[in-house]
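Heads up, the thing below is written out as structure tokens.
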Number of protein chains: 2
Amino acid sequence: MTGDELDDEIAALLQRADQRYTKGRRALVAALRAAGQPVTILQILDAADGLAQSSVYRNLAALEEAGVVTRVITNDEFARYELAERLTEHHHHLICSMCGDVFDFSLGARTEASLDKALHRVADDAGFTVEAHRLDLVGTCPRCD
Amino acid sequence: MTGDELDDEIAALLQRADQRYTKGRRALVAALRAAGQPVTILQILDAADGLAQSSVYRNLAALEEAGVVTRVITNDEFARYELAERLTEHHHHLICSMCGDVFDFSLGARTEASLDKALHRVADDAGFTVEAHRLDLVGTCPRCD
DNA sequence: CTGACATTGATAGCCATTCTCATTTAGGAG
DNA sequence: CTCCTAAATGAGAATGGCTATCAATGTCAG
């Protein structure tokens, strides 16, 4: 997806949620795009300066509500954010249990498909309506090893 | 694993970590065993009363350190705990995004094995040392649907 | 029994996140 | 362009799950 297509898609998502695509929100999206991996609020504040902490928190919540970004759950105490899969592509996370850093990875289409089938079977049995699945690898990254 | 075997195993794990298997810790383990699903601190305090909040937090940390329990990461703001997989069996979680409840499920051995193989391949490529993998299904439980 | 030390429980403190509110900004109507 | 209304912003206060503190208690060894 090119930058313009991405922007159009985001604008549409925000409009649907009655939200404006403001300067601050554009800066957030740019920071997430530049990072290329899930980042903490602190990292965002350091990278894209001129943003107020309270606005970053508020706007990330608005963007999440609109389906533009996703909050990534990890082991440490800091929330991380990345662009939603609808704007990128389905992927999973490598989480370093030492430093907390998070990296993306994908499985082959075949593995992903068979996993998805198995998961839907499980969900049906349990009466669950599936929204998403989350697959994380927890370990030690090369830098911390 | 019978109750006694479980207790022996836990005692061994604690001993290895220079920790005692005290009354309060036994009560915690009993509560987790009775629950049969990951539970919050609040649920533990409600179920097994007579436990001090501070001791529950401290003891869950000690038990986690010793490898007896596992902290389960979910979407909501409450930490959940369950007996470690070494004391039960490998499984995954169904997470309800409405009420936050968490349920266990397992995949067939074949699916699990091929997933594990794919994950190790990914980890090797990235230079990661794998500790564990985490597979969660996020959706809506029958009660909230 | 006694000393050394781990554990407990009440409470104070911490800190990521959320809330508040006065101010600024943006879009629509005339 | 000028109002007007409502959303967005930013600085700081407040929230709340969790952690640290510390005096009192329990426990094992000798």
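We name chains A, B, ... by the order of the sequence lines, and we start the count at 1 in each one.
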Self-check item: Pairwise 5' ranking along DNA chain C for A/Thr22 and B/Gln19, keeping only the more 5' one
Solution: B/Gln19

Only distances under 3.5 Å count here; give the side-chain donor-acceptor pairs of residues 138-145 of chain B to other protein atoms, sequence neighbours excluded, each with its distance to 0.1 Å.
residue: B/Thr140; atom: OG1; partner: A/Glu131; partner atom: OE2; Å: 3.3
residue: B/Arg143; atom: NH2; partner: B/Asp101; partner atom: OD2; Å: 3.4
residue: B/Asp145; atom: OD2; partner: A/Thr129; partner atom: OG1; Å: 2.6

Exercise. Starting at the 5' end of nucleotides 11-30 of chain D, put B wherever the base has a protein heavy atom under 4.0 Å, S where only the sugar-phosphate does, and a dash everywhere else.
Key: BB----SSBB-----BS---

Exercise. Using five pairs at either end of the helix from C/dC1-D/dG30 to C/dG30-D/dC1, determine the angle between the two local helix axes and round it to 10 degrees.
Key: 30°

Quiz item: According to a strict under-4.0 Å criterion, is A/Asn59 in side-chain N/O contact with OP1 or OP2 of D/dT9?
Solution: yes

Under 3.5 Å, which donor-acceptor pairs link side chains of residues 116-124 of chain A to any protein atom two or more places apart or in another chain?
residue: A/Asp116; atom: OD1; partner: A/His133; partner atom: ND1; Å: 3.3
residue: A/His120; atom: ND1; partner: A/Asp116; partner atom: O; Å: 3.1

Quiz prompt | Where chain A begins and ends its contact with DNA chain C, read 5' to 3' at 4.0 Å from heavy atoms | solution = C/dA16 to C/dA26

Exercise. For DNA chain D, determine which residues of residues 94-104 of chain A have any heavy atom closer than 4.0 angstrom to one of its atoms, and list them numerically.
Key: none

Quiz item: Who are the side-chain hydrogen bond (donor to acceptor under 3.5 Å, both in side chains) partners of A/Asn75, not counting sequence neighbours?
Solution: B/Arg134

Quiz item: Residues sharing B/Leu42's hydrophobic cluster, by side-chain heavy-atom contacts under 4.5 Å among ILVMFWY, directly or via others?
Solution: none

Quiz item: Of all residues at least two apart in sequence or in a different chain, which pass the side chain to side chain contact (heavy atoms under 4.5 Å, CB included) check with A/Ala48?
Solution: A/Ala31, A/Leu51

Enumerate donor-acceptor pairs with a distance under 3.5 Å from any side-chain N or O in residues 58-66 of chain A to protein atoms, sequence neighbours excluded.
residue: A/Asn59; atom: OD1; partner: A/Arg25; partner atom: NE; Å: 2.8
residue: A/Asn59; atom: OD1; partner: A/Arg25; partner atom: NH2; Å: 3.2
residue: A/Asn59; atom: ND2; partner: A/Ser55; partner atom: O; Å: 3.2

Practice problem: Please confirm whether the backbone N or O of B/Leu6 pairs with a side-chain atom of B/Glu9, one donor and one acceptor, at under 3.5 Å? | Solution: no

Practice problem: Taking ring-ring contact (aromatic ring centres under 6.0 Å, His included) as the test, write out the residues that go with A/Phe105, two or more places apart. | Solution: A/His92

Practice problem: Only counting residues at least two apart or in another chain, list the ones meeting salt bridge (charged side-chain N to carboxylate O under 4.0 Å, His left out) with B/Asp76. | Solution: B/Arg80

